[in-house]
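These notes concern the structure reproduced below.
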Amino acid sequence: MLRPIRSLPTRGTLPSTLFSRKCVVSWPFVSRYFQRQPRWLASFVTMHDTATTPGSQSPDTSFANLDSLGNHIYLEKQDKLRDLGINLQTSQIIVVGGQSSGKSSLLESLTGFSLPRGQGCCTRFATQITLRRHPTKKTVISIIPRNNADQKLRETLRAFRHELTDFHPEDVADVVEKANIAMEIRSGINKDILSLPMFSDDILKIEISSPDNPHLTVIDVPGLFQVTDQLGYATNQDKSMVEAMVKRHMKNERTIVLAVLSCLSDPATEGILQFAKAADPKGERTVGVLTKADLVKEKAVLQSISNLVMGTTLKLGYFVVRNRGADEDDLDISQCNRKEAELFEDPQWKNIAGTGRVGVDTLRKELQSLLTGLAKRELPKQKAEVIKRLADCEKRSISYGPPRSTPAAQREHLIKLALRFERLVNDALEGLYGRDVLFGEKPPLKLITKIIELNEGFSNAIWKKGQTWNFKGKTTEKDNGVEAAYIKLINEAFDWASTFPELSDYRHPNIVSFKNPQNDIMAFIGECYSASRGPELGSFGGSVLTMAFQAQATNWDEAATRHVKGAVLVIHRFLYTLLEVLVADQRMREELWSSLQDDLLKGYRRACDHAEFVIDTELNGRPVTYNHYFNDNLQRARLGRQRSILQGLDVNGPNTKVDLSKVQSLMTSAVENKSNAEQVKEDIHDILKSYYKVARKRFVDNICQQAINHFLLDGDQSPVKIFTANWVAKLNDRQLDSIAGEDITTTTARQRLETEIEGLKKALEVLRY
């Protein structure tokens, strides 16, 4: 005996169709179901003896009673959001299936709207059917252009609009045929034009308004086909287009996928189920619909259907429906529903009908419930998405600035940009990164940090590996991480500059590591002394120290040149990135960058020229210093040598007695065992070492302080101080128009942005109230 469930608790995971007051289920099914549920659930089940015929219609299954109190508000919001055309994913239902799977017939039963039907290809484009509750009864058919349509075709498709107040199938067929022509599809009068495609990415939008309509949106996409000959003249490209179209619509996470397949098909081999699984791996938004139930005759097929309906392959389960037959075109929807009810009264359908998952009415209620629940869940996400997009658009709008059609407007806009540019440059030079979020979003804007890292790396490289030979008693120190960081930073600068032709003179081969100094410096000093020895007695000529220092500091040239070029590239990237984030208009940004480029390159050249001057002064001039630190170094070197001679003394404490005769003996031995040449070479070593230390500090400071800090950063003509309000003030009208004037692309982009902002603001109003 079939008995309806009168009331059930809202807690738990029962199918939503079981909560309908008139839902018909068999007690064995409910009993088996509750065996898998918590015990508390059974205590809420009360049974009535009043029976309802499976699949029969009652007054509360009509469209007018589908919406629960308040639930229609959520779906109305989705309709309003779709109408705004702001490219926001909305909650909707998409009907997908293979050719001749019964999609079109099912769509008609669900919506009450009938598209032209026939053998072969029934749908050549996605069809969006929107049901709206409105006092005026009318049907509006329009076209939503595909994304890649050119401007002329887009305007033609946007202009396509037909309003039908009286619904006649022949009128609909005529409008659909006109839509085929507008979309330039090979169909109807164009069916023999083989150059036209069989399918289109455009969307036919059918909006049906009526006082009794529920709020529902269903999208029907072309059916999948396996062989191109199936449709006549279809190509592999057409097949791929259909598959891509189906996948694109299914991918929307706010879409309920209605996967349609015939009762006689094998779900294991159905391509549409494979597509659905790819788009919805967890099966949380896919509903399976088995059509053409009237064609089922074999018990084995019935058992297979029963297994699907009662199984858990899809979390939202399967429904079974009967389609309008090929010879039933003269039947209206109510007559088709009666035939469906009669089918499921047949005893062979008893078990399946008892699940409450048969018939179009039951399916419609389930979809209404699922769509409402989805709309409720997604509403906060949609609101957050709109708020974020609106903030991004308003930020872009600010960067575009007001319209710039006159020289005065162009100058005003450029001056505002220059003032903000100057402020950000000053913050970047002072390290005041907390004053603007741009510094956190764009690491290349942290200019002074990167310059300091470069300078410290350069100083470390010159200190540890700038010399050709290690001085006596010294060995090459291990890298403490500074060298590796410097190499990485400077190589990144060289790599970034590889795509900028104007920087060809500043690029340098990447560094792997710095060469370690040699350890035989006394042999080198001996060669210098022998090659330049004059009549001096116990001393050496001035050219010996010059020659020795030039050879010892020969690595400075390449290291300093590479370092200054690296700093130039870091600054160039800073300036490029800063303009990139400040000037949204690409054409204006490119023109401004081009106008600044000559002055930038001159500034870079001045820095490099000064670096060459410093290098030439140090390496090619006579060794000269007035720094007392030179004499301090020299005396410490000589004292160190004397201490090394006295290391043989046994001195263990402050009160230890020293044998002066032994001291005299050690000193005499050290002097007597050396030739004049050996003594001179030791003097050359000590003087060279002392002078090298003074010159090294002076050289590093001059390169960093003068070539980089002054010429590239702080000087009045430094590259970072070129784009200023004063620079803008000197531009003539022609130059202003060239840089800041708007072309049609910019004007159109601003208009589109303003339209998008307006649409997003309206969307926010819809989502708030």
Side-chain angles (χ1 to χ4, degrees), residues 451-471 483 486-487 489-491 493-494 497 503-511 513-518 521 524 528 542-572 601-627 629-630 687-715 717-719:
I451 292 297
I452 290 174
E453 288 178 10
L454 276 176
N455 285 341
E456 288 180 346
F458 171 67
S459 176
N460 180 78
I462 295 296
W463 173 36
K464 292 185 177 180
K465 296 186 179 180
Q467 65 274 21
T468 307
W469 293 270
N470 281 322
F471 287 102
E483 179 182 323
Y486 176 66
I487 290 175
L489 185 61
I490 206 164
N491 283 345
F494 292 138
L503 299 177
S504 58
D505 291 342
Y506 298 92
R507 290 196 290 270
H508 194 280
N510 281 6
I511 310 169
S513 63
F514 295 118
K515 185 178 179 181
N516 288 326
Q518 303 174 41
I521 190 170
F524 159 70
C528 289
S543 61
V544 174
L545 184 60
T546 300
M547 185 187 307
F549 176 75
Q550 288 175 347
Q552 179 72 331
T554 189
N555 295 330
W556 292 8
D557 188 346
E558 181 182 2
T561 301
R562 179 178 56 227
H563 176 63
V564 174
K565 288 182 177 180
V568 164
L569 299 182
V570 168
I571 292 169
H572 197 75
L601 295 178
K602 289 178 182 177
Y604 300 155
R605 188 67 263 164
R606 283 194 293 269
C608 290
D609 287 345
H610 188 77
E612 291 176 5
F613 168 76
V614 173
I615 294 169
D616 183 66
T617 301
E618 290 290 354
L619 298 185
N620 296 326
R622 290 191 300 271
V624 175
T625 181
Y626 300 99
N627 192 334
Y629 183 60
F630 166 74
I687 294 172
L688 175 62
K689 180 180 179 181
S690 302
Y691 181 75
Y692 181 87
K693 286 184 177 182
V694 172
R696 179 179 62 192
K697 293 181 179 181
R698 180 177 61 203
F699 178 74
V700 170
D701 284 346
N702 287 343
I703 291 293
C704 295
Q705 181 66 22
Q706 298 175 20
I708 293 179
N709 286 16
H710 176 74
F711 282 94
L712 292 179
L713 299 179
D714 300 328
Q717 293 182 311
S718 71

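Computed from heavy atoms alone, side chains included, the values below leave out hydrogens, waters and symmetry copies. Since the model is a prediction, treat every value here as computed from it, not as a measurement.
Residues F699 and V614 form a side-chain contact, since some pair of their non-hydrogen atoms from C-beta on lies under 4.5 Å apart. Using a 4.5 Å cut-off on side-chain heavy atoms (C-beta onward), W463 and V700 make no contact. Residues R696 and I462 meet the side-chain proximity criterion, which asks for heavy atoms closer than 4.5 Å. The shortest side-chain heavy-atom distance between Y486 and E453 does not fall under the 4.5 Å cut-off. Side-chain contact between Y604 and V564: absent, with no pair of heavy atoms (C-beta onward) separated by less than 4.5 Å.
The 12-atom threshold is exceeded at NZ of K464, counting heavy atoms of other residues, nucleotides or ligands nearer than 6.0 Å. For CD of Q717, the number of neighbouring non-hydrogen atoms (other residues, nucleotides, ligands) closer than 6.0 Å is 12 at most.
A donor-acceptor pair is defined here as one N or O able to donate and one able to accept, closer than 3.5 Å; such a pair exists between the side chain of S718 and the backbone of G715. Judged purely by atom type and a 3.5 angstrom limit, K565 has no side-chain atom pairing as donor or acceptor with the backbone of F494. No side-chain donor-acceptor contact under 3.5 Å links S459 to the backbone of N455. Between the Q550 side chain and the L619 main chain, a donor and an acceptor come within less than 3.5 Å of each other.
The aromatic rings of F549 and Y691 sit perpendicular, their planes meeting at an angle over 60°, well past the 30° parallel limit.
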Worked verdict on F458 versus I490 for side-chain contact (heavy atoms from CB on, under 4.5 Å) | CA-CA 10 Å; F458 171 67; I490 206 164; over 6 Å; no

Is there a side-chain contact (heavy atoms from CB on, under 4.5 Å) between K515 and N555 once you walk through the steps?
-> CA-CA 10 Å; K515 185 178 179 181; N555 295 330; over 6 Å; no

Could you go through the side-chain contact (heavy atoms from CB on, under 4.5 Å) check for T617 and F613 one step at a time?
-> CA-CA 6 Å; T617 301; F613 168 76; 3.8 Å; yes

CA sep, side-chain torsions, deciding dist, call: R698, E618, side-chain contact (heavy atoms from CB on, under 4.5 Å) = CA-CA 9 Å; R698 180 177 61 203; E618 290 290 354; 2.7 Å; yes

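No side-chain N or O of H572 forms a donor-acceptor pair with one of Y506 less than 3.5 Å apart. Looking at Q467 and N470, their side chains do bring a donor and an acceptor atom within 3.5 Å of each other.
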Name the atoms and distances for all side-chain donor-acceptor pairs under 3.5 Å in residues 703-713, with sequence neighbours left out.
| from | atom 1 | to | atom 2 | distance (Å) |
| --- | --- | --- | --- | --- |
| Q706 | OE1 | H610 | NE2 | 2.5 |
| Q706 | NE2 | N702 | OD1 | 3.1 |

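With respect to the salt-bridge test (charged N to carboxylate O, under 4.0 angstrom), the residues E612 and R605 qualify.
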